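Everything on this sheet refers to the single structure shown next.
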Amino acid sequence: MDAILIGFMGSGKTTIGRMLAKTLLVPHTDLDQEIVENAGQTIPEFFSNYGEKKFRELEHQILLNQLKKNGVLSTGGGTPISMQNLEILQATKAPVILLEASTNTILERVGKSKERPLVNQMSVEQLAELQFKRMPFYQKCANLCINTDNHSPLEITEQIYKYLSVN
């Protein structure tokens, strides 16, 4: 793996992951998309049918498989909250890059998305609380933190590229 992007939903992991992979001339993998393809159903459907525990087990297996490959991996927003995933992300040789965004930015980006039912069910306060709860997990495995508020995907991609070039 050339780089792993982590962060809360709407922080830019997939968008930046695609751009970074294109810049590095390597494949891009979206962990959530891999889960959907593997499970044959959407993530909300999987949660509804099997619960979060089964989802995290599947996510863990797919994460392990993806780390054996080259490229840029965009993880799901909750990937690092599982202790076994956190430990894997802390131990990997690939740089783990945390993309951060304010709650307001996240709401602007994903607030009306039909693919993010969690956001639509939460108040702004609940969303901010979930983000706050996840932040320590993100920070425990991140080699680099980048705030994506008020920055274009190109600016963020260039910043990551410079970091990867030096490290």
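For clarity, every value in this text was computed on a predicted model and none was experimentally measured.
- The line from CZ of Phe137 to CE of Met83 is 5.5 Å long, rounded to the nearest 0.5 Å.
- Not a single donor-acceptor pair under 3.5 Å links the side chain of Glu37 to the backbone N or O of Glu34.
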Please report the C-alpha distance between Tyr50 and Leu58 in whole Å, then the side-chain angles of each, then the deciding distance to 0.1 Å, and finally whether the side-chain contact (heavy atoms from CB on, under 4.5 Å) criterion is met.
CA-CA 11 Å; Tyr50 302 103; Leu58 177 61; over 6 Å; no
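- Checked against salt bridge (Lys or Arg N to Asp or Glu O under 4.0 Å), Lys162 has no partners two or more places apart in sequence or in another chain.
- No donor-acceptor distance shorter than 3.5 angstrom exists from the side chain of Thr29 to the backbone of Leu31, with no hydrogens or angles considered.
- Pairs passing the side chain to side chain donor-acceptor pair (under 3.5 Å) check and including a residue from residues 74-89, sequence neighbours excluded, read His28-Ser74, Glu59-Thr79, Glu59-Asn85, His60-Asn85.
- Side-chain heavy atoms closer than 4.5 Å link hydrophobic residues (I, L, V, M, F, W, Y) into clusters, and following such links, possibly through other members, connects Ile156 to Leu20.
- For the ring-ring contact (aromatic ring centres under 6.0 Å, His included) test, residues two or more places apart in sequence or in another chain that qualify with Phe55 are Phe47.
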Could you check Ile97 against Ile6 for side-chain contact (heavy atoms from CB on, under 4.5 Å), going step by step and ending with a plain yes or no?
CA-CA 6 Å; Ile97 298 149; Ile6 63 169; over 6 Å; no
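- Every salt bridge (Lys or Arg N to Asp or Glu O under 4.0 Å) that Lys54 has, sequence neighbours left out, goes to Glu57.
- Not a single donor-acceptor pair under 3.5 Å links the side chain of Lys13 to the backbone N or O of Leu99.
- Follow the hydrophobic side-chain contacts under 4.5 Å out from Ile4 and you never reach Leu164; the two are in separate clusters.
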Please report the C-alpha distance between Leu63 and Leu73 in whole Å, then the side-chain angles of each, then the deciding distance to 0.1 Å, and finally whether the side-chain contact (heavy atoms from CB on, under 4.5 Å) criterion is met.
CA-CA 9 Å; Leu63 176 62; Leu73 177 65; 3.7 Å; yes
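- With rounding to the nearest 0.5 angstrom, the CD1 atom of Ile88 is 6.5 Å from the CG atom of Leu67.
- For Thr42, the side-chain hydrogen bond (donor to acceptor under 3.5 Å, both in side chains) partners two or more places apart in sequence, or in a different chain, are Glu45.
- For the atom pair CG (Leu24) and CG (Asn70), the distance works out to 11.0 Å, reported to the nearest 0.5 Å.
- Taking Gln90 as the reference, nothing meets the side-chain hydrogen bond (donor to acceptor under 3.5 Å, both in side chains) condition, with sequence neighbours excluded.
- Pairs of residues two or more places apart, or lying in two chains, never qualify as ring pair (Phe, Tyr, Trp, His ring centres under 6.0 Å) while including a residue from residues 146-167.
- Under the 3.5 Å distance criterion, the side-chain polar atoms of Tyr138 are left unmatched by any main-chain donor or acceptor of Gln131.
- The salt bridge (Lys or Arg N to Asp or Glu O under 4.0 Å) test applied to Glu129 returns Lys133, not counting sequence neighbours.
- In the hydrophobic cluster analysis, where Ile, Leu, Val, Met, Phe, Trp and Tyr join through side-chain heavy atoms closer than 4.5 angstrom, Ile35 is grouped apart from Leu5.
- Side-chain atoms of Asp2 never come within 3.5 Å of backbone atoms of Val72 as a donor-acceptor pair (strictly under, hydrogens ignored).
- Evaluation of the side chain to side chain contact (heavy atoms under 4.5 Å, CB included) rule for Thr105 yields Ala101, Ser102, Arg109, Asp149 as partners, not counting sequence neighbours.
- Residues Glu100 and Cys145 are in side-chain contact: their nearest non-hydrogen atoms beyond the backbone lie under 4.5 Å apart.
- Remark: Asn143 CG to Leu98 CG distance equals 10.5 Å, nearest 0.5 Å.
- Among residues two or more places apart in sequence or in another chain, the ring-ring contact (aromatic ring centres under 6.0 Å, His included) test is passed with Phe132 by none.
- In this structure, the side chain to side chain contact (heavy atoms under 4.5 Å, CB included) partners of Pro153, at least two apart in sequence or on a different chain, are Thr15, Ile16, Met19.
- A donor-acceptor contact shorter than 3.5 Å links the side chain of Thr148 to the backbone of Ser11.
- Residues meeting the side-chain hydrogen bond (donor to acceptor under 3.5 Å, both in side chains) test with Asp30, sequence neighbours left out: Thr14.
- Atom CG of Asn150 has 12 or fewer heavy atoms from other residues, nucleotides or ligands within 6.0 Å.
- You'll find the side chain of Ile81 reaches within 4.5 Å of the side chain of Arg56, heavy atoms only.
- Cluster membership check: Ile146 does not share its hydrophobic cluster with Phe8, using side-chain heavy-atom separations under 4.5 Å among Ile, Leu, Val, Met, Phe, Trp and Tyr.
- One finds the CG atom of Leu130 at 10.5 Å from the CE atom of Met135 (value rounded to the nearest 0.5 Å).
- Between Glu155 atom CD and Ile160 atom CD1 the span is 12.0 Å, to the nearest 0.5 Å.
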